[in-house]
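First comes the structure, then the notes that go with it.
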Amino acid sequence: MSAALGPERPQVVSHVQQALSYTVFDCKWVPRSARLLCLGSAARGTGLVQLYELHGARLELLREIEKPKPIKCGTFGATSLQQRYLATGDFDGNLNIWNLEAPEIPVYSVKGHKEIINSIDGVGGLGIGEGAPEIVTGSRDGTVKVWDPRQKDTPVANMEPVQGESKRDCWTVAFGNAYNQEERVICAGYDNGDIKLFDLKTMSLRWETNIKNGVCSVEFDRKDINMNKLVATSLEGKFHVFDMRTQHPTKGFASLSEKAQKSTIWQVRHLPQNRDIFMTSGGSGSLHLWKYEYPAQRSKKDSEGSEMGVAGSVSLLQNVTLSTQPISSLDWSPDKKGLCVCGAFDQTVRVLIVTKLNKI
Amino acid sequence: MPVWLQEHSWRQTLTAVYLSLPLRGARATAASIFCSEQYLKVSIPPFLFEAVLYAPIDDTNSTARIGNGNIFFTLYKKEPAMWDSLTLANADKEKLQYLRENAILKAHEKAKEETEAKKITKQEHKKYALEATMKLEEAERKRIEDLKEKERQKVTKELELWKKQQKDANKYKSIQKKGEFHQEVEQLKERKNEKMNKTKIPNEGTSKARLKPTKVHGSCSMFSENLKEEQLPAPRSAATIKVNFTPRAFPTALRESRVAEEEEWLQKQAEARRTIKSDLSELEDLKEEEKNPDWLKDKGNKMFAMGNYLGAVNAYNLAVRLNSKLPLLYLNRAACHLKLRNLHKAIEDSSKALELLTPPVPDNENARVKAFVRRGTAFCQLELYTEGLQDYEAALKIDPKNKNIEKDAEKIRHLIQGTMQSS
């Protein structure tokens with residue numbers, strides 16, 4: 001007990017807890033504000049978007065929007081700071097972009113997939129990174145599609161299984177390597193443990209690997225830099241950290257894997273203000289805060305003289321159990337360091353504050 | 001019979017009686033003293049001394065000291081008075097008896113009371129100890145809670161402060177934007193106003209240092225917004241990337257497969273390949289390839305295809321002698337026997353094949369279906385229709401989409417119903 005409360009270790013303080021009357025699948029901070037969004041599915045099978053504002057020790061509901069289909073995921077990644085449009089993927093495979101001030105009609109809508117959109121990510125907006133704003137969606141129908149809000153109806157890139165091949169559900173997608181206007185990379189994780197890295201500049205598969213267990217969540221530590229690290233979490237409590245700076249022609253990227261807990265690790269999120277700290281949320285309702293340490297040398301030469309990466313090490317800074325149900329979604333606030341929101345399957349959304357992150 | 005001890009000496013003061021008894025050589029440790037309010041008995045085997053005292057004494061405070069060859073009693077009187085003698089002189093036997101018994105009873109009660117009192121005090125002590133530890137733990141817990149609370153409050157305050165800053169920043173930004181809009185419009189019209197505005201802007205700017213960067217943004221946002229849109233690259237040209245998924249020995253994902261069974265099956269297969277009995281002397285004159293069970297199996301298959309069933313059986317026999325663990329050998333030999341109408345042998349071989357095809361996994365589905373069908377056919381040709389039907393149904397369970405098996409199963413059912421009706 002005293003070690004966990006030691007003077008220098010970050011503490012996870014539960015600031016506000018809000019009980020909801022629906023299942024929350026995703027929660028996101030609205031950039032440049034103290035407001036957060038909860039996306040989910042109401043008991044009667046419709047989708048709900050609720051906008052809350054943080055007022056002292058409680059959350060005040062500002063707006064509630066109901067949509068015909070349950071909503072699985074959302075992102076602000078591809079909109080500008082002034083507009084702050086929300087892009088959502090729902091259970092029916094529809095991708096919609098909403099203006100929260102006028103939510104009756106979506107700004108952009110397309111039936112992107114035949115089945116539920118499991119995961120969505122956006123890049124090019126919010127003043128982060130360069131290049132065209134794009135949204136990527138990964139769906140249970142095995143395809144990963146990239147959309148540009150300026151182009152209607154057809155995706156600008158489509159990663160689909162070869163004809164006749166049995167498809168595997170895509171569970172998670174993430175953008176990365178968007179450090180200039182042309183470069184962009186998408187990482188997709190599938191339910192059979194496949195992780196594939198697609199390069200959008202060359203429109204090809206750049207790397208793939210298999211981590212044996214279904215991949216629940218992938219995230220680059222930063223979307224808008226030369227790709228540095230990738231964390232992939234999976235079922236059965238394991239997560240892998242890949243060092244993405246050095247790609248070996250046959251061995252791919254160096255990685256380390258860590259078994260954190262017995263249950264599925266649902267989400268991984270990097271701290272926006274420090275790219276070496278990330279939080280994983282687990283199926284047992286627990287949150288683990290990790291710090292990655294780089295090795296002395298990030299790359300070395302192998303026997304044939306080609307460069308290969310060296311994986312570093314990861315250390316557990318803090319862990320806390322908040323709920324008995326899985327914590328399925330997690331989001332750090334980009335404006336205040338240490339402020340985060342998490343939504344769990346016990347129909348509560350919690351705002352947490354992680355202290356002492358400055359001292360790490 | 002104890003000996004009465006008559007010699008004793010005593011003296012008294014107003015409050016106490018001092019009695020001394022000689023021990024007479026008897027061991028002091030064996031002395032037992034019984035004393036109540038008005039009765040005193042000392043038993044030092046073989047001596048016995050008893051005295052019914054003149055007046056009641058306070059037996060709890062009285063003491064006895066054993067030493068120096070005698071026992072020295074200090075008895076404190078209940079009422080300070082001088083006694084005429086130590087004992088009641090005119091006590092008759094009955095009174096003595098009664099007094100003795102009374103004394104014993106009283107002593108018993110006292111003993112009981114004492115034990116009870118002891119119990120109660122023990123309990124109280126325990127309770128006290130428990131409460132003390134609880135208090136300590138409470139204190140510890142509280143200390144930790146306080147630490148946490150302090151953290152929480154500190155963090156909440158910081159959050160509130162940040163929020164306030166955000167709000168003020170936003171308010172200011174919106175007011176400023178409006179102000180700037182007007183200002184910029186005027187700027188375009190008159191140069192004179194420009195100077196005034198320039199002096200205005202710094203005033204507003206200095207009050208909140210944070211707003212300087214946003215101000216710059218604000219002023220250029222309106223006019224350069226169009227420009228910025230053009231700076232964004234055009235949407236990508238559409239393209240598709242084809243994806244292959246990792247193949248596995250079993251087409252199911254890790255979490256769906258019954259890994260243990262599948263591993264077992266793979267192991268069995270691997271083992272089967274390895275057990276080749278090559279120590280049969282008759283084989284020495286065979287060619288190298290003829291000692292390979294796989295080659296023999298292929299030969300057998302070819303001969304079966306050409307209709308040379310006996311030859312095929314021979315090939316399979318040799319292969320089985322070399323390696324008795326390959327289920328496919330038995331399976332194929334069963335087919336040959338069926339054609340040769342060696343029905344019992346066919347049943348035997350199909351059964352052996354099925355035995356070797358455990359554990360049941362998707363990989364050996366086809367083989368199992370074939371084994372069931374062949375055995376079923378053999379049963380039916382022996383007119384054991386119920387067993388045949390059983391096997392056909394087992395085959396159907398594995399492969400429900402096979403029309404031939406279904407048709408045959410139907411036929412057998414009709415046959416069974418037909419024979420049941422006729423008999």
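Order of the sequence lines fixes the chain letters, A, B, ..., with proteins taken first and strands second; residue numbering starts at 1 for each chain.
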Taking atom NZ as the centre, does K337(A) end up with more than 12 heavy-atom neighbours from other residues, nucleotides or ligands that are less than 6.0 angstrom away? yes

Between atom CD of E160(B) and atom NE2 of H55(A), what is the distance when rounded to the nearest 0.5 Å? 9.0 Å

Okay, side chain of K167(A), backbone of F245(B): is any donor-acceptor separation there less than 3.5 Å? no

E160(A), M203(A), Q163(A): which one forms the most heavy-atom pairs within less than 4.5 Å of chain B? E160(A)

Go through the atoms of S80(A) and report whether side chain, backbone, both or neither lie under 4.5 Å from a heavy atom of chain B. neither

Salt bridge (Lys or Arg N to Asp or Glu O under 4.0 Å) contacts in which one or both residues fall within residues 177-189 of chain A, not counting sequence neighbours: E134(A)-R184(A), E183(A)-K201(A)

Tell me, out of D335(A), L54(A), T209(A), who's got the most heavy-atom pairs with chain B below 4.5 Å. D335(A)

Can you list every side chain to side chain donor-acceptor pair (under 3.5 Å) pair that touches residues 397-407 of chain B, not counting sequence neighbours? none

Do other residues, nucleotides or ligands put more than 12 heavy atoms under 6.0 Å from the NZ atom of K259(A)? yes

Heavy-atom pairs under 4.5 Å with chain B: which of V146(A), T154(A), T355(A), L200(A) has the most? L200(A)

Validation row: V243(B), V162(A) side chains within 4.5 angstrom (heavy atoms): no

Among P161(A), A157(A), P133(A), residue most engaged with chain B (heavy-atom pairs, under 4.5 Å): P161(A)

With a 4.5 Å limit on heavy-atom distance, are the side chains of K148(B) and Q11(A) in contact? no

NZ of K242(B) to CG of L205(A), rounded to nearest 0.5 Å, is 13.5 Å

Is the NZ atom of K370(B) crowded by more than 12 outside heavy atoms at less than 6.0 Å? no

Side chain from CB out, backbone as N, CA, C, O: work out which of these in V156(A) comes under 4.5 Å of a heavy atom of chain B, or both, or neither. both

Portion of S14(A) that has a non-hydrogen atom of chain B nearer than 4.5 angstrom: backbone

Residue R84(A) excluded, over 12 heavy atoms near CZ under 6.0 Å: yes

Heavy-atom pairs under 4.5 Å with chain B are the metric here; pick the option from E208(A), K196(A), Q151(A) that has the most. K196(A)

Checking W162(B) against L339(A) for the side-chain contact (heavy atoms from CB on, under 4.5 Å) test, could you report, in this order, the C-alpha distance in whole Å, the side-chain angles of both residues, the deciding distance, and whether it holds? CA-CA 11 Å; W162(B) 168 72; L339(A) 182 64; 4.2 Å; yes

Walk me through it: do L159(B) and H15(A) pass the test side-chain contact (heavy atoms from CB on, under 4.5 Å)? CA-CA 10 Å; L159(B) 198 60; H15(A) 181 56; 3.5 Å; yes

Student check: side-chain heavy atoms of N158(A) and I241(B) closer than 4.5 Å: no

